[in-house]
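Notes to accompany the following structure.
Not measured: the values here are computed from a predicted model.
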Amino acid sequence: MKNLIRLFLILFVAGIAIGTHTSCSEDSDCSIAGRAMINCTLYRMPAPSETILQNDTLDSLTVTALGTDSIIINNQKKVHTLSLPLRFTSDSTVFIFYYAYREDPTLCDTVYIKQDNTPYFESMDCGYSMKQSILGLGHSEVELDSIYISNKQANTDGTENLKLFYRNRD
C-alpha cells in the first residue's frame, strides 16, 4: 500500500513538473503589440525668419490605407506623433491622411512607402513574423511639405522612422 501511495505521489509531482515546463504558450506574446510599426513625428517648416524646426500638432487627423477599408487613425485630435503598420502582403503601402482643420473634407495627402518584407521564424507558438524596412517613399504636397527618413527599420520600441514636415499654416 505504501508503494502504491509513493508511486501515485511520484506520478503526481512528475505530471505537475512536466505540465509547467512544456506549457509555454502563456509566456508567448504574439499579439499586435509585438508588431513593428513605422513611427512618425510631425514638424512645422520654419518661417523665413526662423532657423529652428518646431514640433507641429494637427488639430484632427484620419489615416486610411489605400486598397482596404481599414481606418488606421479615426479623427484623432491634437496629433503630434503616429504609428503606422506596413503591409505584409505587398512591397508597398499607401496611406491617405485626411485633415479636418479646414472646411474642405476632401483635403488630404497621400504617402507612398516602398518597403522590404523579410520573414523570419519567431517561435513555435508565434510562427513567422516580418522584418520590414523602408526602401523609399513619395508623397503628395497638399499640406505636407516633405518627409525625411530618420530610421529605415520598422520597430516596436517607438523609435522615430519618419519626420513629416508640414507647411507653416499661420
For this session: Could you tell me whether Lys78 atom NZ has more than 12 heavy atoms of other residues or ligands within 6.0 Å of it?
Result: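 12 or below, so no.
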Exercise. Out of Asn117, Thr118, Asp91, which one pairs with Gln132 under the side chain to side chain donor-acceptor pair (under 3.5 Å) rule?
Worked result: Asn117
Exercise. Honestly curious: do Val142 and Phe97 fall in one hydrophobic cluster under the side-chain, below-4.5 Å linking rule?
Worked result: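 Both belong to a single hydrophobic cluster.
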Problem set entry | Transitive ILVMFWY side-chain link Val111 to Leu107, under 4.5 Å | yes
Which heavy atom of [X] sits nearest to which heavy atom of [Y], and what is that distance?
{"X": "Ser140", "Y": "Cys108", "answer": "OG-O, 4.3 Å"}
{"X": "Phe165", "Y": "Met45", "answer": "CB-SD, 3.5 Å"}
{"X": "Phe95", "Y": "Pro85", "answer": "CZ-O, 3.1 Å"}
{"X": "Pro119", "Y": "Met130", "answer": "N-SD, 3.5 Å"}

Heavy-atom side-chain contact between [X] and [Y] under 4.5 Å:
{"X": "Asp56", "Y": "His80", "answer": "no"}
{"X": "Arg167", "Y": "Arg44", "answer": "no"}
{"X": "Arg35", "Y": "Thr156", "answer": "no"}
{"X": "Ser146", "Y": "Leu144", "answer": "no"}

For this session: Could you check Tyr99 against Asp109 for side-chain hydrogen bond (donor to acceptor under 3.5 Å, both in side chains), going step by step and ending with a plain yes or no?
Result: CA-CA 8 Å; Tyr99 311 107; Asp109 273 307; 2.8 Å; yes
For this session: Determine, step by step, whether Leu162 and Ile113 satisfy the side chain to side chain contact (heavy atoms under 4.5 Å, CB included) criterion, reporting the C-alpha distance in whole Å, the side-chain angles of both residues, the deciding distance to 0.1 Å, and the verdict.
Result: CA-CA 11 Å; Leu162 300 177; Ile113 299 176; 4.2 Å; yes
Qualifying residues under side-chain contact (heavy atoms from CB on, under 4.5 Å), relative to [X], sequence neighbours excluded:
{"X": "Asp69", "result": "none"}
{"X": "Gln76", "result": "Ile73, Val79"}
{"X": "Asn151", "result": "Gln153, Asn155, Thr159, Asn161"}

Problem set entry | Which residues share a side chain to side chain donor-acceptor pair (under 3.5 Å) with Asp145, sequence neighbours left out |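 Partners of Asp145 under the side chain to side chain donor-acceptor pair (under 3.5 Å) test: none.
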Nearest 0.5 Å, please: how far is [atom2] in [Y] from [atom1] in [X]?
{"X": "Leu86", "Y": "Thr93", "atom1": "CG", "atom2": "OG1", "result": "4.5 Å"}
{"X": "Lys163", "Y": "Ser150", "atom1": "NZ", "atom2": "OG", "result": "5.5 Å"}
{"X": "Ser129", "Y": "Glu122", "atom1": "OG", "atom2": "CD", "result": "3.5 Å"}
{"X": "Lys152", "Y": "Leu137", "atom1": "NZ", "atom2": "CG", "result": "9.5 Å"}
{"X": "Ile147", "Y": "His139", "atom1": "CD1", "atom2": "NE2", "result": "4.5 Å"}

Would you mind writing out the side-chain donor-acceptor pairs for residues 61-68 within the sub-3.5 Å range, not counting sequence neighbours?
unit_1 : atom_1 : unit_2 : atom_2 : d
Thr62  : OG1    : Asn75  : N      : 2.9
Thr68  : OG1    : Ala65  : O      : 2.9
Thr68  : OG1    : Ser70  : N      : 3.2

Exercise. So which pairs with a foot in residues 110-133 pass ring-ring contact (aromatic ring centres under 6.0 Å, His included), sequence neighbours left out?
Worked result: Phe121-Tyr128
Problem set entry | Leu164 and Thr41: CA distance, side-chain angles, deciding distance, side chain to side chain contact (heavy atoms under 4.5 Å, CB included) verdict | CA-CA 6 Å; Leu164 305 177; Thr41 306; over 6 Å; no
Exercise. Among side-chain atoms of Ser92 and Gln115, is any donor-acceptor pair under 3.5 angstrom?
Worked result: no
